[in-house]
Amino acid sequence: MAYRSFREFLDALDKAGQLKRVTVPVDTDLLISEWSDREMKSPGGGKALLFEQPVIEGQTSKFPVAINTMGSRKRMAMALGRESIDEIAQEIQLILKAKPPTDLREGFALLKQGIHLLHARPKTVREAACQEVVEILDKDNRASRIQNPGSPNFSLRDLPILKCWPKDGGRFITLPNVHTRDPETGARNVGCYRMQVFDEQTTAMHWQVHKVGARHGKVYYERNERMPVAVTLGGDPALSFAATAPLPDGLDEILFAGFLRRKSIEMVKCKTVDLEVPADVDFVLEGYVQPGEMRPEGPFGDHTGYYTAIEDYPVFHLTAITHGKDAVYPTTIVGIPPMEDFYMGDASVRIFLPVFKMNFPELVDMTLPAEGVFHNLVFVSIRKQYPYQAFKVMHGLWGMGQMMFSKYIVVVDEDCDVHNTSEVLFRLCANTDPARDTSIIRNPNDSLDHAPTEQNIGSHMGFDATRKLPGENYRRQWPELLKMTDEAKAVVDALQTRIG
Ligand SMILES: Cc1cc2nc3c(=O)[nH]c(=O)nc-3n(C[C@H](O)[C@H](O)[C@H](O)COP(=O)(O)O)c2cc1C
Ligand SMILES: [Mn+2]
């Protein structure tokens, strides 16, 4: 089921007992963050929170704050309108099976075609809920200011944007969907890149060097042209998820979100920039990035669990803010895991598992444990057939999109449950001789990783924790893993049931 608005999603969460309303005033300066951190770290990810009276600089905001709306397996599935994420993985598998692709590129091309076939192509509309209230901020456009009866003067200061951690450089928009276009091909991209608020009309734009927004920015820079950017907040959560998913460059997030929610997304033209945005979103921040203009961003309490240091990033200038009358401000916080974003990353891995399996037929399961905050740790299980196959798989993963960042990859046999960290650690410790069973390589690193000597590059390590086959320099008899007989288990099951 597709949601017509973010409110409709919140209502669905409420009905499912997945939403807690906080009716007392709570300050956007650290207090909502502390409250939410406790909730996110409670068993299974806790509940979504709706702060009905967020306080910003002493004033109660008229927009409520929603947080942790995707922070559990159940809520993540609900956000995509599904019973479970595995449904989506199965659909992707069906698309790929229709005509088995010969390589990954072809696989994604096919996926794109399949998504088209499923009527996920966006439609354009003229009237939009996200433009019920329009505030033109651009000085150049003041003359043509669109007057909306009853619309208050409104700027970024009126949004209940959180200061998340004590030493943060300011307030950060943490769940923005940043819409850009490649000026050469016209291809659209939507990415989730945080934005530090500088003043009521400017923010930072934290697209890291490996991301598609940054690549689009570089093309504008080379052409010396002003880059139109539209940032949306809220609407159907399928888009917010798609903006975080590691899609290959060129796979349109709007199409992908349409596929996820099984309904095409309605788009509306922006008021001050030549871009389209989903009509159902809660807020639209329209504006531009002037290529070459950079400003210090940070520090920010990041998903690494540490503060990311101050660095120069592009500046986003607002030209208009539009919003619905009933808008809700969606946000999240990141920090020491587990946090809400773990469930978003986990959903990405599960949805794209069929694509990985297509490239690695031996791949059984894969997970990015919360402790590794996405890029630091990957557990993968394989059905091993020939010597050094574990190394083939790790090197293959290091060559695939954002998997290039994976700092440690542990490969185990198919009978090991990768979702059980203790089982993986047991295999890792028991089955490896470090000098023989590891591979250290050089690869790009995630920009946020503070450990490497130089930013963006570093070493990565793979562990072959599978049982060794002939031909893998193991000259002894590999021992057998302990296993109880089924008969003994059945007898003890029966006895225990009898005594209760
Ligand atoms: C809560 C959250 C915040 C994020 N913040 C950033 C960010 O500030 N900068 C960035 O480059 N990526 C950030 N990401 C990761 C990107 O959204 C992710 O890599 C995405 O796939 C990028 O899309 P793209 O490939 O279209 O550039 C964030 C992800 C989440 C879940
Ligand atoms: Mn993208």
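Just so you know, ligand 1 is whichever comes first in the structure, and atom 1 is the first atom listed for that ligand. Numbers here are sequence positions counted from 1.
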- Query: Going by an N to O cut-off under 4.0 Å, is there a salt bridge joining R215 and D249?
  - Reply: yes
- Item | Salt bridge present between K74 and E83 (N-O < 4.0 angstrom) | no
- Query: Any idea which protein heavy atom is nearest atom 31 (C) of ligand 1, and the distance to it?
  - Reply: T244 CG2, 3.6 Å
- Residue-ligand contact E253/ligand 1, heavy atom below 4.0 Å: yes
- Task: Say whether M344, considering both its backbone and side-chain N or O atoms, lies within less than 3.5 Å of an N or O atom on ligand 1.
- Result: no
- Which residue and non-hydrogen atom of the protein lie closest to atom 15 (C) of ligand 1, and at what distance in Å? K211 NZ, 3.7 Å
- Query: Does any N/O atom on T174 come nearer than 3.5 Å to any N/O atom on ligand 1?
  - Reply: no
- Any Lys/Arg nitrogen of D302 or R194 sitting under 4.0 Å from an Asp/Glu carboxylate oxygen of the other? yes
- Query: Is R350 salt-bridged to D346, going by a charged N under 4.0 Å from an acidic O?
  - Reply: yes
- Message: Before moving on, can you tell me the angle at the Mn ion (ligand 2) between the OE2 atom of E253 and the OD1 atom of N189, to the nearest 10 degrees?
- Response: 100°
- Note on the structure: Note: ligand 1 atoms sitting under 4.0 Å from heavy atoms of P246 are 21 (O)
- Query: Looking only at heavy atoms, is any part of A243 under 4.0 Å from ligand 1, and if so is it the side chain, the backbone, or both, or is it neither?
  - Reply: backbone
- Have a look at Y193, W207, F172, Y313 and point out the one with the heavy atom closest to atom 27 (O) of ligand 1. Y193
- pair L353-M366: side-chain heavy atoms closer than 4.5 Å: yes
- Query: With a 4.0 Å cut-off, would you call D236 and K263 a salt bridge?
  - Reply: no
- Query: Looking only at heavy atoms, is any part of A214 under 4.0 Å from ligand 1, and if so is it the side chain, the backbone, or both, or is it neither?
  - Reply: neither
- Note on the structure: heavy-atom search around atom 11 (O) of ligand 1 in the protein gives Q208 N, 3.0 Å
- Message: So, regarding G191 and ligand 1 (criterion: nitrogen or oxygen to nitrogen or oxygen, under 3.5 Å), is there a contact or not?
- Response: no
- Part of Q402 within contact of ligand 1 (heavy atoms, under 4.0 Å): side chain
- Message: If the threshold is 4.0 Å, N to carboxylate O, is there a salt bridge linking E266 and K123?
- Response: no
- Task: Could you tell me whether Y313 and W207 have their ring centroids closer than 6.0 angstrom?
- Result: no
- Quick one: do K271 and E286 make a salt bridge, cutoff under 4.0 Å? no
- Give the residue, atom name and distance (to 0.1 Å) of the protein heavy atom nearest atom 9 (N) of ligand 1. H206 O, 2.7 Å
- Side chain or backbone of V212 under 4.0 Å from ligand 1, or both, or neither, by non-hydrogen atoms? both
- Item | Carboxylate-amine/guanidinium proximity below 4.0 Å for E340 and R75 | no
- Can you find an N/O atom of T332 closer than 3.5 Å to an N/O atom of ligand 1? no
- Using the six-membered ring wherever Trp is involved, compare the ring planes of F172 and F300 and label them parallel, tilted or perpendicular (cut-offs 30° and 60°). tilted
- Show which atoms of ligand 1 fall inside a sub-4.0 Å distance from at least one heavy-atom site of A245. 21 (O)
- How far is atom 2 (C) of ligand 1 from its nearest protein heavy atom, and which residue and atom is that? C192 SG, 3.8 Å
